[in-house]
Amino acid sequence: MPELPEVETTVRSLRKQILGKRIKDVWTDAKKLVKKPESFSDFGKEIKNRKIESVSRRAKFIFLGLSGNKKLLVHQKMSGHLLVGEWQRNNGEWISKSGGSLQNDPYNQYIHIVFFLDDGTQLALSTLRKFSKVELWDADELEESKQIKKLGPEPLPKDFGFESFKRALNKRRSGKIKQVLMDQSVIAGIGNIYANEILWEAKVSPFKNFTKLSEKELKSIFKAIKRVLKKGIELQGASYSDYRKPSGKKGGFQDWGRVYDREGEDCPRCEGEIKRKKTGGRSVYFCPHCQE
DNA sequence: CGAGGTACCTGACAGC
DNA sequence: TGCTGTCAGGTACCTC
């Protein structure tokens, strides 16, 4: 579910909330979410008493650096989000002790993993569809793992300039620009919401083969990537449905977005109407009038 | 190589 | 009311 801005928002918040704390125990009612090590009890033994020394992100992957040169990888995938709070188990549900943070989270009945920290707070993974995954790695091995190694460049650092963007695209020989933007091995972190918004912002048709794009179109896509992703971070993510910040509160990008989930509305820029079609098995939202 | 389908899961919602 | 089909911020893996 979450894309780069949501994952970045989560990471920034976690840094404030859990850095330096020690993991005392872990609970789950969905052992399959933990992929590595395969046995959940081994996972529990391995993770206990490790201190959270860093919180970082690569593409949509979250890394918690743990003492003893380990890294905990969390991928939230669709519908997943991490929450920090203090809850207790009650009739098969996690209830917030303060009545606070989780009241803002409509999906708190989907907490399936809870890490108990040494100051009494908890880090929880809420994942309605259970696509999320958690893996414990030796730090060096994680860097070399296929899922991380295949990722393209991060789009936001200053050194990702227009030339880097064009070089990144060259990994592909052809393909519709919408699908290419979402290809994590080309550029890391863009998903369906932001790909739609970026192309609207750039006034480029999602269906156009990227090899047919003019220099001018490429330039406006490049600019739109920076602008839209930064806006997403500034607004602390998009909560179209179940994404929540670790506090349980919603992000704000869904009100700023111009096309995603707005089929049938007037294009805010021209006389057109927002349409929805499909490519690559995903919904494409666009304005056929001003995105040629 | 690219495109398209499937799988992994649980819901919300529209239409009959 | 209940059924059926479709849709949902992702990724891996398979076939053509």
Side-chain angles (χ1 to χ4, degrees), chain A residues 1-10 28-36 57-62 73-82 105-113 125-135 145-152 169-198 206-212 228-229 231-233 235-245 250-257 259-264 276-285:
Chain A
M1 72 122 17
E3 307 179 31
L4 188 152
E6 289 73 38
V7 179
E8 181 64 26
T9 299
T10 300
T28 189
D29 64 353
K31 294 191 169 92
K32 284 168 74 177
L33 297 177
V34 176
K35 309 287 183 195
K36 189 179 170 16
R57 172 189 73 73
R58 173 78 172 100
K60 304 169 194 169
F61 294 85
I62 294 170
L73 171 153
V74 179
H75 198 304
Q76 307 175 101
K77 299 230 184 139
M78 306 274 270
S79 84
H81 51 276
L82 290 169
D105 178 15
Y107 291 96
N108 62 25
Q109 64 266 49
Y110 303 115
I111 287 178
H112 291 300
I113 298 182
L125 175 67
S126 167
T127 174
L128 185 153
R129 294 175 73 183
K130 295 185 185 165
F131 288 169
S132 306
K133 69 167 181 175
V134 173
E135 297 173 348
S145 74
K146 200 175 154 193
Q147 57 189 335
I148 301 305
K149 252 194 148 173
K150 67 187 261 196
L151 294 169
L169 292 178
N170 279 338
K171 270 189 203 150
R172 291 277 222 112
R173 206 165 291 160
S174 74
K176 297 188 182 85
I177 183 62
K178 165 85 167 16
Q179 273 146 279
V180 174
L181 287 181
M182 289 176 69
D183 183 339
Q184 302 300 297
S185 70
V186 174
I187 303 168
I190 301 171
N192 203 31
I193 292 176
Y194 291 93
N196 281 302
E197 297 297 338
I198 286 164
F207 307 100
K208 197 158 179 182
N209 194 303
F210 83 90
T211 55
K212 298 278 196 311
V228 174
L229 293 179
K231 199 67 184 175
I233 293 172
L235 295 171
Q236 303 187 60
S239 297
Y240 286 90
S241 68
D242 56 6
Y243 173 72
R244 292 298 181 275
K245 297 186 272 182
K250 289 187 180 191
F253 186 86
Q254 65 281 4
D255 301 323
W256 188 89
V259 284
Y260 180 81
D261 203 25
R262 294 186 185 277
E263 184 184 15
R276 185 178 71 173
K277 286 193 182 177
K278 283 228 170 211
T279 11
R282 313 297 297 275
S283 280
V284 193
Y285 295 89

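Just so we're on the same page: letters track the sequence lines, and every chain starts at 1.
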Q: What is the separation between atom CD on A/E3 and atom C1' on C/dT11, rounded to the nearest whole Å?
A: 13 Å

Q: So what does A/K146 hit on the nucleic acid, given a heavy-atom distance under 4.0 Å: a base, only sugar-phosphate, or nothing?
A: sugar-phosphate

Q: Of all heavy-atom pairs between A/A188 and A/L4, which one has the smallest distance, and what is that distance?
A: O-CD1, 3.7 Å

Q: Sequence neighbours excluded, which residues qualify as ring-ring contact (aromatic ring centres under 6.0 Å, His included) partners of A/Y285?
A: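 In terms of ring-ring contact (aromatic ring centres under 6.0 Å, His included), with neighbours along the sequence ignored, A/Y285 is linked to A/Y260.
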
Q: Has A/K277 got more than 12 heavy atoms of other residues, nucleotides or ligands less than 6.0 Å from its NZ?
A: no

Q: So, for A/Q76 and A/L82, which heavy atoms are closest and what is the spacing to 0.1 Å?
A: OE1-N, 3.3 Å

Q: A/F131 stacking on C/dG10: centroids under 5.5 Å, ring planes under 30°?
A: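 Yes, A/F131 stacks on the base of C/dG10, since the ring centres sit under 5.5 Å apart and the planes are within 30°.
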
Q: Rounded to whole angstrom units, what separation is found between the CG atom of A/D242 and the P atom of B/dC13?
A: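 Taking atom P of B/dC13 as the reference, CG of A/D242 is at 13 Å.
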
Q: With the side chain of A/R129 defined as its heavy atoms from C-beta on, choose the nearest nucleotide among B/dG2, B/dA3, B/dT10.
A: B/dT10

Q: At their closest point, which heavy atom of A/N192 faces which heavy atom of A/N196, and how far apart are they?
A: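 In terms of heavy atoms, the two residues are closest at O-ND2, 2.8 Å.
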
Q: Less than 4.0 angstrom between a side-chain N/O of A/H75 and OP1 or OP2 of C/dT11, yes or no?
A: yes

Q: Identify whether any heavy atom of A/Y260 sits under 4.0 Å from a base atom; if not, whether one sits that close to sugar-phosphate; answer base, sugar-phosphate or nothing.
A: sugar-phosphate

Q: Say you pick atom P in C/dC3 and the same atom in B/dC9; how far apart are they, in whole Å?
A: 24 Å

Q: Does the side chain of A/K150 get closer than 4.0 angstrom to OP1 or OP2 of C/dA12 through an N or O atom?
A: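 Affirmative; the distance criterion is met.
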
Q: For C/dA8, does OP1 or OP2 lie under 4.0 Å from any side-chain N or O of A/S283?
A: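 Affirmative; the distance criterion is met.
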
Q: In dot-bracket notation, what is the pairing pattern of DNA chain B, taking Watson-Crick (N1-N3 plus N6-O4 or O6-N4) and G-U wobble (N1-O2 and O6-N3) contacts under 3.5 Å, with [ ] crossing and | for other strands?
A: .|||||||.|||||||

Q: Write down the distance between OH (A/Y240) and C1' (B/dA12), rounded to a whole number of angstrom.
A: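 Value for this atom pair: 18 Å.
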
Q: Over how many whole Å does the gap from A/D29 atom CG to B/dT10 atom P extend?
A: 11 Å

Q: Think A/Q76 has a side-chain N or O under 4.0 angstrom from the OP1 or OP2 of C/dG9?
A: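 So the side chain of A/Q76 is outside the cut-off, no N or O lying under 4.0 Å from OP1 or OP2 of C/dG9.
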
Q: Would you tell me if any nitrogen or oxygen in the side chain of A/K32 comes within less than 4.0 Å of OP1 or OP2 on B/dC9?
A: yes

Q: Roughly how far apart, to the nearest Å, are C/dG5 and B/dT6 at atom P?
A: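 One P to the other, the span is 15 Å.
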
Q: Check the phosphate of B/dA3 against A/K278, side-chain N and O only, distance under 4.0 Å to OP1 or OP2. Yes or no?
A: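 Answer no for this pair, as no side-chain N or O of A/K278 is under 4.0 Å from OP1 or OP2.
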
Q: Once you apply a heavy-atom cut-off of 4.0 Å, does A/K133 come out as touching a base, just sugar-phosphate, or nothing?
A: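 Nothing: the residue A/K133, judged by heavy atoms under 4.0 Å, touches no strand.
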
Q: Within this structure, what is the CD-to-P distance between A/E135 and C/dT11, rounded to whole angstrom?
A: 13 Å

Q: Starting at CZ of A/R262 and ending at P of C/dC7, how long is that distance when rounded to a whole Å?
A: 20 Å

Q: Which one, C/dA8, B/dT10, C/dA12, comes nearest to the side chain of A/R276?
A: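 The listed nucleotide nearest to A/R276's side chain is C/dA8.
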
Q: Any idea how A/F253 and A/Y194 line up, ring-wise: parallel (<30°), tilted (30 to 60°), or perpendicular (>60°)?
A: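 It falls in the tilted class, 30° to 60°.
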
Q: When you compare C/dT6 with B/dG5, how far apart are their P atoms, in angstrom units rounded to a whole number?
A: 13 Å

Q: Nearest-Å distance, CD1 (A/I233) to C1' (C/dG9)?
A: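 That distance rounds to 15 Å.
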
Q: Any sub-3.5 Å donor-acceptor pair from A/Q184's side-chain atoms to A/G189's backbone N or O?
A: yes

Q: Syn or anti for C/dG5, with syn set at within 90° of 0?
A: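 This nucleotide is in anti.
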
Q: Would you say A/Q236's side chain and A/T9's backbone share a donor-acceptor pair under 3.5 angstrom?
A: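 No; judged by distance alone, with no hydrogens or angles, the pair does not exist.
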
Q: Between B/dG5 and A/R282, is there an OP1 or OP2 to side-chain N/O distance shorter than 4.0 Å?
A: no

Q: Please determine, for the side chain of A/Y243, which listed nucleotide (B/dG2, C/dG9, B/dC9) has the closest atom?
A: C/dG9

Q: For A/G281 and A/D183, take the nucleotide of DNA chain B holding the closest heavy atom to each; which residue's nucleotide lies nearer the 5' end?
A: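 Checking each residue's closest nucleotide, the 5'-ward one belongs to A/D183.
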
Q: Could you grab the distance from atom CD1 of A/I193 to atom OH of A/Y243, nearest 0.5 Å is fine?
A: 11.5 Å

Q: Determine whether a donor-acceptor pair (one donor, one acceptor, N or O, separation below 3.5 Å) exists between the side chain of A/S79 and the base of B/dG11.
A: no

Q: Quickly work out the A/K35 NZ to C/dG10 C1' distance and round it to whole Å.
A: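 Going from A/K35 (NZ) to C/dG10 (C1'), I get 13 Å.
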
Q: Report the nucleotide, chosen from B/dG2, C/dA8, B/dT10, that has the shortest atom-to-atom distance to any side-chain atom of A/Y285.
A: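 Looking only at side-chain atoms, A/Y285 lies closest to C/dA8.
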
